[in-house]
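Reckoned from all heavy atoms, side chains included, excluding hydrogens, waters and symmetry mates.
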Amino acid sequence: MCDRQFQQRGTWRKFSNSPPKVRAAASGKNHTGNQAMACADASQPTVAERNVGMIDFDRIYDRHQFGSVKWANQWDEFSPRVEGEDLLSLWTADMDFRAPETVIARLREAADHGIYGYTRRDPRHYEIVQSWFARRHGWSPALESLLPAPAIMPSVAAMLRTFTKPGDGVIVQSPIYSPYFEVIQGNGRKLLVNRLRLQDNRYELDLENFAKLAAGAKAFLLCNPHNPAGKVWTRQELTALNDICERYGILVISDDIHCDIRLSDRPHIVFSSLSEDAAEKSFICTAPTKTFNLAGVPSATVSVANKQRREALLATMQASFMVNANFFGRLALEVAYSTGAPWLDQLTRYIGGNVDFVLKFAEDRLPGITPMRPDASFLVWLDARGLDRKVGGVQRFFVDRAGVNLYDGRVYGPGGEGFIRLNVGCPRPLLRRGLERMSRALESL
């Protein structure tokens, strides 16, 4: 049952997600109940936000002791491990930075409390989510449209099971985040690949091919912004996709997990904000996990404007026991969205500096590698197709010859061959070390 059906206060306040000052600002209400004044208050920095100092993103932390997937160079115990001497791990998409101190403090307080039983979300949980997206992206989803989720990919699986049948076609745009292939094919649906066009080191839509595939599809899995390229889709591009989906009655599942780290002046356009018909057919999946480096304490939200589809999805999620709140995950979401803006602003500037560093370094010292400047996220897509052919596999070459583990572009499907994905969500000294190793390896050819 959705948590919004349980709004009683009781003794909740003492162990809620944050101190009263922060919670009042995040909730969209003030002590007098004046909603207009509350909206203004929510946009103002809290004491916690004003007291955030300059964060040392250059500091390097040892992550091995807590089983980091990234630094173990192995996704899980069922997957192969990348072996190599003294490997620098610049592959999978989590960052090597501490989460905001407000989040750490609240999780520490919760850990010290010592009782980790079943937990409810804050009564203002969905208002906190709504307020974040209204402030950062100009999108204010209706509170009743929001559903809780343990993470985005389990939610996508639930949507496919609810609204498509085995054998139904689902479109993705490759090269693309590899779990999309697994969630479609692993649930018995037909994978339909709409390959993006590479033009002047930027990806563009192939709308003609998309329309052909749409005739045999039931759903479209949109990555917005795009992973691995970090492209922010324009309103015109999204509108063109919406028009085709409307023509063929295709549902749109939009994964917006990388939307918050914005590196260009392109605004993030939420698909459902395009029009009423776009909202009616779409499922908008959001989470703070990439934004605030919280992948290990996941919590997500899905916005479903259509009431009948929302109820159907909730029923599937309830039957799969997906709506119970994770004790630490829901706290992390609430505190991050309530107090994390100053941290994110500093992070974004730092990531932007890392991207600039990579582009300049590649131009000067990485012959055969052309980075694609991302509009969003902490990932840089590197075109190394010529080098890949020369060395017989560029990802393996840098593991063996440089001791640097990057993501092989082949994982991202058709169009990813010869590319590698570099994670720049790390301290710049570590990034510099990795790039210098790569440069020396290229000099040895």
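Side chains of S89 and N73: a donor-acceptor N/O pair is present below 3.5 angstrom, by distance only. In this structure, a donor-acceptor pair under 3.5 Å is absent between the side chains of N187 and E182. Between the side chains of H137 and D260, a donor-acceptor pair is found at a separation under 3.5 Å. In this structure, a donor-acceptor pair under 3.5 Å is absent between the side chains of R161 and T316. Residues D277 and N242 bring a donor and an acceptor atom of their side chains to less than 3.5 Å of each other.
Distance OG/S140 to CZ/R135: 11.0 Å, rounded to 0.5 Å. Between atom CG of residue L347 and atom CD1 of residue I55 there is a gap of 8.0 Å, rounded to the nearest 0.5 Å. Remark: W381 CH2 to R202 CZ distance equals 14.5 Å, nearest 0.5 Å. Here M322 contributes atom CE and N324 contributes atom CG; the two are 11.0 Å apart, rounded to the nearest 0.5 Å. Note that OG1 of T291 is 11.5 Å distant from CZ of R262, once rounded to the nearest 0.5 Å. To the nearest 0.5 angstrom, R309 atom CZ is 7.0 Å from E280 atom CD.
The side-chain contact (heavy atoms from CB on, under 4.5 Å) search around E83 returns R81, not counting sequence neighbours.
Nearest heavy-atom pair, C245 versus V252, reported as atom, atom and distance to 0.1 Å: SG-CG2, 3.8 Å. Minimum heavy-atom separation, A99 to I104: O-CD1, 3.3 Å. Across all non-hydrogen atoms, the minimal contact from Y337 to A287 is OH-C, 3.4 Å. Of all heavy-atom pairs spanning P148 and M317, the tightest one is O-CE, 3.1 Å. Of all the heavy atoms in G117 and F327, the pair that sits closest is O-CD1, 3.7 Å. Summarising the geometry of K281 relative to I250, their closest heavy-atom pair is CD-O, 3.4 Å, with the distance given to 0.1 Å.
Looking only at distances, a side-chain donor or acceptor of Q346 sits under 3.5 Å from a matching main-chain atom of G53. Listed for the H258 side chain is no donor-acceptor partner under 3.5 Å among the backbone atoms of P228. Put simply, the side chain of S79 gets close to the backbone of D76: a donor and an acceptor are under 3.5 Å apart. Judged by distance alone, the side chain of S282 and the main-chain N or O of I284 form no donor-acceptor pair under 3.5 Å. Distance alone, capped at 3.5 Å, is enough to place a donor-acceptor pair between the R189 side chain and the T164 backbone. Side-chain N or O atoms of Q130 include one that pairs as donor or acceptor with a backbone N or O of P141 at under 3.5 Å. S439 contributes no side-chain N or O that, together with a main-chain N or O of L435, makes up a donor-acceptor pair within less than 3.5 Å. A donor-acceptor contact shorter than 3.5 Å is absent between the side chain of N306 and the backbone of A279.
Side-chain contact between T234 and R266 is present, with at least one heavy-atom pair separated by less than 4.5 Å. In this structure, the side chains of L431 and F357 come closer than 4.5 Å at one or more pairs of heavy atoms. Proximity of N224 to L238: side-chain heavy atoms (C-beta onward) are separated by under 4.5 Å at one or more points. A 4.5 Å side-chain heavy-atom check between E144 and R310 finds at least one atom pair inside the cut-off. Residues D408 and W91 are not in side-chain contact: their nearest non-hydrogen atoms beyond the backbone lie 4.5 Å or more apart. With contacts defined as side-chain heavy-atom distances shorter than 4.5 Å, the pair Q173/C223 does not qualify. Side-chain contact between K290 and F378 is present, with at least one heavy-atom pair separated by less than 4.5 Å. At a threshold of 4.5 Å between non-hydrogen side-chain atoms, the residues L333 and T301 count as touching.
Remark: D345 engages R136 in a salt bridge, criterion side-chain N to carboxylate O under 4.0 Å. Salt bridge annotation for K360-D364: present, with a cationic side-chain nitrogen under 4.0 angstrom from a carboxylate oxygen. Between R432 and D58, no side-chain nitrogen of the basic residue sits less than 4.0 Å from a carboxylate oxygen of the acidic one, so the salt-bridge criterion is not met. A salt bridge does not link R121 with E334: none of the charged nitrogens is closer than 4.0 Å to a carboxylate oxygen.
Taking a 6.0 Å sphere around CZ of R59, one finds it holds 12 or fewer heavy atoms contributed by other residues, nucleotides or ligands.
Below 30°, between 30° and 60°, or above 60°: for Y203 and F419 the angle between ring planes is between 30° and 60°, a tilted geometry. Using a 30° and 60° split on the angle between ring planes, Y116 and F328 fall in the tilted class, from 30° to 60°. Ring-plane geometry between Y177 and Y180 is classed as perpendicular, the angle between the planes exceeding 60 degrees on a 0 to 90 degree scale with a lower cut at 30. Using cut-offs of 30° and 60° for the angle between ring planes, the H226 and W233 rings count as perpendicular.
The stretch residues 419-428 participates, sequence neighbours left out, in these side-chain hydrogen bond (donor to acceptor under 3.5 Å, both in side chains) pairs: N227-R421, N354-R428, Y412-R421.
The only member of F133, F271, W132 that meets ring pair (Phe, Tyr, Trp, His ring centres under 6.0 Å) when paired with W139 is F133. When each of L382, L90, T92 is checked for a side-chain contact (heavy atoms from CB on, under 4.5 Å) with Y407, only T92 meets the rule.
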- Begin with the C-alpha distance, continue with both residues' side-chain angles, and end with the deciding distance and a verdict on side-chain contact (heavy atoms from CB on, under 4.5 Å) for V270 and T286. CA-CA 10 Å; V270 178; T286 65; over 6 Å; no
- Task: Kindly determine whether I420 and F398 satisfy side-chain contact (heavy atoms from CB on, under 4.5 Å), including the steps that lead there.
- Result: CA-CA 10 Å; I420 41 179; F398 283 126; 4.0 Å; yes
- Task: Show the numbers, then the answer: is there a side-chain contact (heavy atoms from CB on, under 4.5 Å) between V170 and K218?
- Result: CA-CA 6 Å; V170 182; K218 294 294 184 181; 5.9 Å; no
- Task: Would you sort out whether M438 and L422 count as a side-chain contact (heavy atoms from CB on, under 4.5 Å), showing the intermediate values?
- Result: CA-CA 12 Å; M438 292 167 66; L422 168 66; 5.6 Å; no
